[in-house]
Student: 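I'd like to ask you about the structure that follows.
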Amino acid sequence: MLENYHIILASNSPRRRQLLSGLDIDFEVKVMPDIEENYPETLAIQDIPVFIATEKAAAYKDMMTERDLIITADTVVVLGEMVLGKPKNKDDAKLMLHELSGHTHQVITGVCLMSRVRQRNFSVTTDVTFKDLTEAEISYYVEKYQPLDKAGAYGIQEWIGYVGVTSLNGSYFNVMGLPVQRIYNELKLF
């Protein structure tokens, strides 16, 4: 269905690469350095990841060929009215995990699929509930794993997900960073 396109995943995330490869489509990873991930403060929380994914895609527009189809994504963790991006350091990661402990939060991934003539933007939301995490569990995870490159300071596919997530409503793969089920359906429309 996509033989006319050269698909480019514009992401440094090893998780996104792994997930997209699970769709058995050929793609290349191409990442431009230093793309800002800023958004207007007046933007509704649920619109933030789509806005950022669209801005990331726009950075590639001038260098695209007629066959290129760019996939960009951005994930945020939302607890109430608080947006949790990637932690700045280990202390920030621990603080985020304390905030998520014992609560349900939303993981929202915005995606932009863009060719020279078409663009599709969408987001997928998953509800994730954590048990009450102990100080020892939070410290163990932050010290042993790499939460600094993950929105909300955790990877559901890692130890903290095994011991801490008590329920999930929505796409597991979305929580990992790429809603591949929805991407597959959207790519069929190109």
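These numbers come from a predicted model, not from an experiment.
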Student: Please examine the side chains of H6 and F27, heavy atoms only from C-beta on, and report whether any two atoms are closer than 4.5 Å.
Tutor: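 Of all side-chain heavy-atom pairs linking H6 with F27, none is under 4.5 Å.
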Student: Could you walk me through whether L97 and V142 pass side-chain contact (heavy atoms from CB on, under 4.5 Å), step by step?
Tutor: CA-CA 9 Å; L97 290 170; V142 170; 3.8 Å; yes
Student: Stepwise, does the side-chain contact (heavy atoms from CB on, under 4.5 Å) test hold for L168 with V175?
Tutor: CA-CA 9 Å; L168 183 84; V175 182; 3.8 Å; yes
Student: For the residue pair W159 and Y141, does the interplanar ring angle fall in the parallel (under 30°), tilted (30 to 60°) or perpendicular (over 60°) class?
Tutor: parallel
Student: List the atom of Y60, the atom of M32, and the distance in Å for their closest heavy-atom pair.
Tutor: OH-N, 2.9 Å
Student: If you group Ile, Leu, Val, Met, Phe, Trp and Tyr by side-chain heavy-atom gaps below 4.5 Å, do L113 and V31 land in one group?
Tutor: yes
Student: Just verifying a value: how many Å separate L178 CG and T75 OG1, rounded to the nearest 0.5 Å?
Tutor: 7.5 Å
Student: Kindly write out the residues that satisfy side-chain contact (heavy atoms from CB on, under 4.5 Å) with Q119, not counting sequence neighbours, or none if the list is empty.
Tutor: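 So Q119 forms a side-chain contact (heavy atoms from CB on, under 4.5 Å) with T54, C112, M114, N121.
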Student: Check for me, please, whether I35 and I48 land in the same ILVMFWY cluster - side-chain distances under 4.5 Å, paths through other members count.
Tutor: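 I35 does not cluster with I48.
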Student: What distance do Y145 atom OH and K150 atom NZ have between them, rounded to the nearest 0.5 Å?
Tutor: 10.5 Å
Student: Counting only heavy atoms not in K144, do more than 12 sit closer than 6.0 Å to its NZ atom?
Tutor: no
Student: Taking D68 for its side chain and M64 for its backbone only, find out whether a donor-acceptor pair lies under 3.5 Å.
Tutor: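 Not at all, since once roles are kept as given, no pair shorter than 3.5 Å links the two residues.
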Student: Taking all non-hydrogen atoms of both residues, which atom of E186 and which atom of F122 are closest, and how far apart?
Tutor: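 In terms of heavy atoms, the two residues are closest at CG-CE2, 3.4 Å.
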Student: Side chain of E137, backbone of T134: donor and acceptor closer than 3.5 Å?
Tutor: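 Yes, because the side chain of E137 sits within donor-acceptor range (under 3.5 Å) of the backbone of T134.
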Student: Is the backbone of Y184 close enough, under 3.5 Å, to the side chain of K188 for a donor and an acceptor to pair up by distance?
Tutor: no
Student: Main chain of L133, side chain of S101: is a donor-acceptor contact present, judged purely on distance under 3.5 Å?
Tutor: yes
Student: Do side-chain atoms of H105 reach the backbone of V78 as a donor and acceptor pair under 3.5 angstrom?
Tutor: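 Between the backbone of V78 and the side chain of H105 there is no qualifying donor-acceptor contact (under 3.5 Å).
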Student: If you measure from CD on Q106 to CG on L84, what distance do you get to the nearest 0.5 Å?
Tutor: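 Spacing of CD (Q106) from CG (L84) equals 11.0 Å.
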Student: Sort and list the pairs that fulfil salt bridge (Lys or Arg N to Asp or Glu O under 4.0 Å) and have at least one residue in residues 106-119, not counting sequence neighbours.
Tutor: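 The answer is E66-R116.
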Student: With heavy-atom distances below 4.5 Å as the criterion, would you say the side chains of L9 and I7 are in contact?
Tutor: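 Heavy-atom side-chain distance check fails, nothing below 4.5 Å.
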Student: Would you say F190 ends up clustered with V50 if hydrophobic residues are merged whenever their side chains have heavy atoms under 4.5 Å apart, either directly or through other cluster members?
Tutor: no
Student: Indicate yes or no: at least one non-hydrogen side-chain atom of E143 is less than 4.5 angstrom from one of K90.
Tutor: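 Yes, close enough: below the 4.5 Å cut-off.
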Student: If you count the non-hydrogen atoms of other residues, nucleotides and ligands that lie under 6.0 Å from NE2 in H98, is the total more than 12?
Tutor: yes
Student: Is it the case that the side chain of S139 and the backbone of A136 share a donor-acceptor pair, with hydrogens and angles ignored and the cut-off at 3.5 Å?
Tutor: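 Checked: no pair found.
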Student: Sequence neighbours left out, what pairs pass salt bridge (Lys or Arg N to Asp or Glu O under 4.0 Å) with at least one residue falling in residues 6-30?
Tutor: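 Output for this query lists R15-D149.
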Student: To the nearest 0.5 angstrom, please state how far the OH atom of Y39 sits from the CG atom of D47.
Tutor: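 Going from the OH atom of Y39 to the CG atom of D47 covers 12.0 Å.
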Student: Applying side-chain contact (heavy atoms from CB on, under 4.5 Å), run through I71 and L20 and close with a yes or a no.
Tutor: CA-CA 10 Å; I71 300 173; L20 189 60; 4.0 Å; yes
Student: Is it the case that T125 and Q46 place a side-chain donor and acceptor less than 3.5 Å from each other?
Tutor: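 Per modelled atom types, T125 and Q46 side chains form no pair under 3.5 Å.
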Student: Determine yes or no for a side-chain-to-main-chain donor-acceptor pair under 3.5 angstrom, with N174 supplying the side chain and V124 the backbone.
Tutor: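 Here the side-chain-to-backbone pair exists.
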Student: Heavy-atom distance under 4.5 Å between the side chains of V128 and T104, does that happen here?
Tutor: no
Student: Would you compute the distance between atom CZ of R182 and atom CG of N185 and round it to the nearest 0.5 angstrom?
Tutor: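 Nearest 0.5 Å value for the CZ-CG distance: 8.0 Å.
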Student: With rounding to the nearest 0.5 angstrom, report the CG to OG distance, L19 to S171.
Tutor: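 Reported to 0.5 Å precision, the distance equals 8.5 Å.
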Student: Side-chain contact test, heavy atoms from C-beta onward, threshold under 4.5 Å: evaluate it for T109 versus P49 and give yes or no.
Tutor: no
Student: Is any side-chain heavy atom of Y162 less than 4.5 Å from a side-chain heavy atom of E158?
Tutor: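 Side chain of Y162 against side chain of E158, heavy atoms only: no contact under 4.5 Å found.
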Student: With distance as the sole test, does K56 use its side chain to make a donor-acceptor pair with the main-chain N or O of A73 at under 3.5 Å?
Tutor: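 Such a contact is found between K56 side chain and A73 backbone.
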Student: Could you check whether any side-chain heavy atom of Y154 comes within less than 4.5 Å of a side-chain heavy atom of M96, counting everything from C-beta outward?
Tutor: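 No, too far: nothing below the 4.5 Å cut-off.
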Student: If hydrophobic clusters are built from ILVMFWY residues whose side chains come within less than 4.5 Å, do V165 and I138 share one?
Tutor: yes
Student: Could you check if a side-chain atom of T129 sits within less than 4.5 angstrom of a side-chain atom of H103, using non-hydrogen atoms only?
Tutor: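 In short, these two side chains do not touch, never coming nearer than 4.5 Å.
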Student: Quick check: is L189 connected to I183 through a chain of hydrophobic side chains (ILVMFWY, heavy atoms under 4.5 Å apart)?
Tutor: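 I183 does not cluster with L189.
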Student: Evaluate side-chain contact (heavy atoms from CB on, under 4.5 Å) for I160 paired with F130, printing each intermediate quantity in order.
Tutor: CA-CA 9 Å; I160 199 79; F130 267 107; 4.0 Å; yes
Student: For residues G110 and A53, report the shortest heavy-atom separation together with the two atoms involved.
Tutor: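 Scanning both residues, the minimum pair turns out to be O-CB, 3.5 Å.
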